Undergrad: 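There's a structure below that I have some questions on.
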Amino acid sequence: MKVLQILKNNYVLAGILILGAFLRFYKLDFQSIWLDEIHTMIECNPKITYKESYDIAIFREQMPQLYFLLIKLLSSVFGHTTYIVRSFSAVIGILTIFSIYLLGKEINNKKTGLIAALFLSINYFHLWYSQEARPYSLFALMTILSFYRLTIFIKRSNLKTALLYGFFAALMIDTHFFGIFILVSQIIILFFFLFDIPKLERITFLKYSIVSGLTAFFFWLPSLNIFLLVMKIKSFWIQPPAIDVYTQLFKEFFGNAESILLIVFIVTLFYFIQIFNQKEESKRSYRQNPMFLSFVIVITWILVTLFIPLVRSYMDIPMIISRYFIGVLPAVILLLSMGISSIKSKLVQNSILFILLLTSLTDIIIVKDYYNKTSKTQFREITETILKRNKNKEKVVSSFGWLMSYFLNENATNTPLLSAAIGNDIAVESTLEGYIALMKNKTIPMESFWYMDGNSKPYKLSNEDESFIKENFVVRESIAKFDTWTRHYVSKTIMSNTNASSFTVRNFQPLNIDATGNVTMFENSTIKSPVIFLDKGKYELLIDAISLPQKPINGENAHLVVKLSEKIIANYYLSEKKETASKNIQFEIISGQHCRVSLTFDNDLSINNLDRNAIIYNVKLDKK
């Protein structure tokens, strides 16, 4: 009710939240889920037990479980779809906008809170993670709320404020372990203000600070086991930081948009000038001065959270990746907001606000074309294509096989210990080189298979493996989507069996299927079968096809030319009657060879509202 009352009395804030909600929910499921989001969907599947979810988290991710437990509960109630899971992040993103308003208002003034809420609502970095099925949006929210409760605790230290601060600090580190670095900054802030308050109050402040710490530790205990596992990690996929790693980080915070970065730099510089010119009041503590209070909190928040991971990245294990620092973004936005709110000229202040609003929206909607341009690996689209074309349920091999089981396997609920190795599921986890090695040493049969990969992994084989593939397989299809690709390898041994059900008219390309499932040819065109290997011998090609309309046009029906590897083996006029639709074509293969059957309709005619077409019901190939 208090939140509704705030919004009712503050139309500007309500408008900001509506804008933020629109930006976060519009085309929420446009992009395919990428690798980490697939992790979320598998781990939080409500069909598996909580223990299985926890085991997957331990084995695959080593992340705190708060976010994943919430998603599992949400999916149990509303359904386990990417839209539902991403909606959670979007809602959390909106709450984060409201929370930064509360924090800005608490550490400085209402104007700072409104400006911070506006900038966060149109911030590209925050928008991106508010539309992703990962814990980063929740991490930003809990970070802000923990600082909000910390600020209240510093101003009014009592049991209630201590417990609330400890609780939200625990939620922050229960969402992401980078919250521990932020917690260190909060501890330093507490020590600073411990010596800022009168001596008579210090014991009380210290006592309640300990209460906050014990509360945080109690609620963090469920994550302790995973944290201990994380501490044992000695190698990681993240690369060592470059010398300009934080410069690039701050650019990412604002979408690498130079116009926005220029304004941010100018306003931040102005804020520091204001701070440098601020006179200290000897009789007034820092916590009673909004300018100094906000400066101590925000600067400590930023510097400590950046410093510790940098040192650890050089001395122990690299850990700097931009999304882990989403908990720093609110501090940067607050710094910017405090700079703008301290501008005395309303004309200048409003002009900067308008320019930032305009340039941010222009960058998102027009420059980046955020809502129309594909920017995430199209695992969803590539697997949909494979499922549509993989009629024979052949194995789909991928270096991300376990993750792709989410799309490909009917029962994609396997725990890691039961993951789709060489088993009954369609998805198989292996590199292409590894799978070829298994076939070479006869560990697995040399059967037709699909291979797919992506996430910046191009197709690459050694000359030896390339020769093996060419000797034993034919690439029937090669398909590419954004940052992902697949190839269909058809075994020459299997292809030599012309009675195989895979040789049907449905495998010809390109196809135009009518409502009854038949192949239609409305204009002069050619359809071709996949490449097949035929052994030496005599064959019979059966074609079931008719001409439309039922009455010949100008005394002539649809004409079909049949070719085998560009050699004409038949050309004839189709019957207009189903009873005489079948045509048997005999041919002989002198020595084993790769072939392709093509059908060409070459006498299309449209006259007097009549249109000549060809309808193909079936194509069958048999060895006599």
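In this text, all values refer to a predicted model and were calculated from it rather than measured experimentally. Heavy-atom basis, side chains included; hydrogens, waters and symmetry copies ignored.
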Undergrad: In sequence, state the C-alpha distance, the side-chain angles, and the governing distance for Leu548 and Glu576, and then conclude on side chain to side chain contact (heavy atoms under 4.5 Å, CB included).
TA: CA-CA 6 Å; Leu548 291 179; Glu576 71 275 12; over 6 Å; no
Undergrad: Is the ring pair Tyr136/Tyr129 parallel, tilted or perpendicular, if the boundaries are 30 and 60 degrees?
TA: perpendicular
Undergrad: Set out, in order, the CA-CA distance, both residues' side-chain angles and the distance that settles side chain to side chain contact (heavy atoms under 4.5 Å, CB included) for Glu37 and Arg86, then state yes or no.
TA: CA-CA 9 Å; Glu37 290 181 285; Arg86 282 177 168 174; 2.9 Å; yes
Undergrad: Using modelled atom types and a 3.5 Å cut-off, is there a donor and acceptor pairing between side-chain atoms of Glu477 and backbone atoms of His488?
TA: no
Undergrad: Side-chain contact, heavy-atom cut-off 4.5 Å: Leu23 with Ile122?
TA: yes
Undergrad: Decide whether a cation-pi geometry holds between Lys440 and Phe468; the criteria are a distance under 6.0 Å from NZ or CZ to the six-membered ring centre and an angle within 45° of the ring axis.
TA: yes
Undergrad: Under a plain distance cut-off of 3.5 Å, with no hydrogens placed, do Gln378 and Thr484 share a side-chain donor-acceptor pair?
TA: no
Undergrad: Work out which heavy atom in Phe68 is nearest to a heavy atom in Met63; give both atom names and the distance.
TA: CE1-CB, 4.1 Å
Undergrad: Report the C-alpha separation of Phe482 and Ile382 in whole Å, then their side-chain angles, then the decisive distance to 0.1 Å, and conclude whether the side chain to side chain contact (heavy atoms under 4.5 Å, CB included) test is met.
TA: CA-CA 9 Å; Phe482 182 79; Ile382 200 77; over 6 Å; no
Undergrad: Are Tyr54 and Thr49 side-chain neighbours, meaning at least one heavy-atom pair lies under 4.5 Å?
TA: no
Undergrad: When you check the side-chain N and O atoms of Tyr370 and Gln31, is any donor under 3.5 Å from an acceptor?
TA: no
Undergrad: Is any side-chain heavy atom of Lys376 closer than 4.5 Å to one of Ile33?
TA: no
Undergrad: Just checking Asn372: does its CG atom have more than 12 heavy atoms from other residues, nucleotides or ligands closer to it than 6.0 angstrom?
TA: yes
Undergrad: Taking side chain as C-beta onward, heavy atoms only, is Val597 less than 4.5 Å from Phe508?
TA: yes
Undergrad: With a 4.0 Å cut-off, would you call Glu447 and Lys395 a salt bridge?
TA: no
Undergrad: How about Leu541 and Val619: do any of their side-chain heavy atoms sit closer than 4.5 Å?
TA: yes
Undergrad: So does Tyr26 get a backbone contact from the side chain of Gln131, meaning a donor-acceptor N/O pair under 3.5 Å?
TA: yes
Undergrad: Look up atom CG in Asn557 and atom CG in Asn613, then write down how far apart they are to the nearest 0.5 Å.
TA: 11.5 Å
Undergrad: Extract all donor-acceptor atom pairs below 3.5 Å that involve side chains of residues 70-79 and protein atoms in other chains or at least two apart in sequence.
TA:
from, atom 1, to, atom 2, distance (Å)
Lys72, NZ, Asn45, O, 2.8
Lys72, NZ, Ile48, O, 2.7
Lys72, NZ, Ser53, OG, 3.0
Ser75, OG, Ile71, O, 3.0
Ser75, OG, His80, ND1, 2.9
Ser76, OG, Lys72, O, 2.8

Undergrad: Do the non-hydrogen side-chain atoms of Asp544 and Ile616 ever get within less than 4.5 Å of each other?
TA: no
Undergrad: Using a 3.5 Å distance criterion without hydrogens, assess whether the side chain of Ser137 forms a donor-acceptor pair with backbone atoms of Ser89.
TA: yes
Undergrad: Quick one: does Thr383's side chain have a donor or acceptor within less than 3.5 Å of a partner on Arg380's backbone?
TA: yes
Undergrad: Looking only at side chains, do Asn603 and Glu556 share a donor and an acceptor under 3.5 Å apart?
TA: yes
Undergrad: Mind checking whether Trp128 and Tyr124 have parallel, tilted or perpendicular rings, split at 30° and 60°?
TA: tilted
Undergrad: Using atom types as modelled and distance alone, determine if a side-chain donor or acceptor of Arg612 lies under 3.5 Å from a backbone N or O of Ile553.
TA: yes
Undergrad: Can you see which heavy atom on Gly93 is nearest to which on His126, and at what distance?
TA: O-CE1, 3.5 Å
Undergrad: Would you please indicate if the ring centroids of Phe449 and Phe473 are separated by under 6.0 Å?
TA: yes
Undergrad: CD1 of Ile527 to OG of Ser598: how many Å apart, nearest 0.5 Å?
TA: 9.0 Å
Undergrad: Could you tell me whether the side chain of Arg134 and the main chain of Asp36 form a donor-acceptor pair under 3.5 Å?
TA: yes
Undergrad: Applying side-chain hydrogen bond (donor to acceptor under 3.5 Å, both in side chains), which residue pairs with at least one partner in residues 523-533 are found, sequence neighbours left out?
TA: Thr526-Thr600
Undergrad: What do you reckon, is CD of Gln248 surrounded by more than 12 foreign heavy atoms closer than 6.0 Å?
TA: yes
Undergrad: Can you check whether Leu138's main-chain N or O pairs, donor with acceptor, with Thr175's side chain at less than 3.5 Å?
TA: no
Undergrad: Under 3.5 Å, is there a donor-acceptor pair between the Asp453 and Ser399 side chains?
TA: yes
Undergrad: Is atom NZ of Lys577 surrounded by more than 12 heavy atoms (other residues, nucleotides or ligands) closer than 6.0 Å?
TA: no
Undergrad: Could you measure the distance from the CD1 atom of Ile386 to the CE atom of Met404? Nearest 0.5 Å is fine.
TA: 9.5 Å
Undergrad: Sequence neighbours excluded, which residues qualify as side chain to side chain contact (heavy atoms under 4.5 Å, CB included) partners of Tyr459?
TA: Leu432, Leu461, Glu466, Trp485, Arg487, Tyr489
Undergrad: Verify, without hydrogens or angle tests, whether Asn608 (side chain) and Leu610 (backbone) share a donor-acceptor contact under 3.5 angstrom.
TA: no
Undergrad: Rounded to the nearest 0.5 Å, how far does OG1 of Thr486 lie from CZ of Arg389?
TA: 10.0 Å
Undergrad: Might you confirm whether atom CD of Glu588 has over 12 heavy atoms from other residues, nucleotides or ligands at distances under 6.0 Å?
TA: yes
Undergrad: Which atom pair, heavy atoms only, marks the closest approach of Asp483 to Ser456?
TA: OD1-N, 2.8 Å
Undergrad: Please evaluate residues Glu252 and Phe125 with respect to the criterion side chain to side chain contact (heavy atoms under 4.5 Å, CB included), reporting the C-alpha separation (whole Å), side-chain torsions for both, the decisive distance (0.1 Å), and the verdict.
TA: CA-CA 7 Å; Glu252 279 194 61; Phe125 193 82; 4.3 Å; yes
Undergrad: Is it the case that Gln586 and Glu540 place a side-chain donor and acceptor less than 3.5 Å from each other?
TA: yes
Undergrad: I want to check something: taking the side chain as every heavy atom from C-beta on, are Asp622 and Leu542 in contact at a cut-off of under 4.5 Å?
TA: no
Undergrad: Are Lys457 and Phe400 in a cation-pi contact, defined as NZ or CZ under 6.0 Å from the six-membered ring centre and within 45° of the axis?
TA: yes
Undergrad: Rounded to the nearest 0.5 Å, what separates atom CD1 in Ile436 from atom OH in Tyr451?
TA: 9.5 Å
Undergrad: Can you tell me how far CG of Asn455 sits from CG of Leu35, rounded to the nearest 0.5 angstrom?
TA: 4.5 Å
Undergrad: Return the orientation label for the Tyr539 and Phe587 ring planes: parallel under 30°, perpendicular over 60°, tilted otherwise.
TA: parallel
Undergrad: Return yes if some donor-acceptor pair links the side-chain N/O of Ser313 with the main-chain N/O of Met319 below 3.5 Å, else return no.
TA: yes
Undergrad: Using a 3.5 Å distance criterion without hydrogens, assess whether the side chain of Glu429 forms a donor-acceptor pair with backbone atoms of Trp402.
TA: yes
Undergrad: Give a yes or no on whether the ring-centroid distance for Phe407 and Phe379 is below 6.0 angstrom.
TA: no
Undergrad: Test the Lys583-Tyr572 pair against the cation-pi criterion, namely NZ or CZ under 6.0 angstrom from the six-membered ring centroid and within 45° of the ring axis.
TA: yes
Undergrad: Counting C-beta onward and ignoring hydrogens, is there a side-chain heavy-atom pair between Leu403 and Ser398 closer than 4.5 Å?
TA: no
Undergrad: Report yes if the distance between the aromatic ring centroids of His39 and Trp34 is under 6.0 Å, otherwise no.
TA: no
Undergrad: I'd like to know if the side chain of Thr580 pairs up with that of Ser575 as donor and acceptor (distance under 3.5 Å, no hydrogens or angles considered).
TA: yes
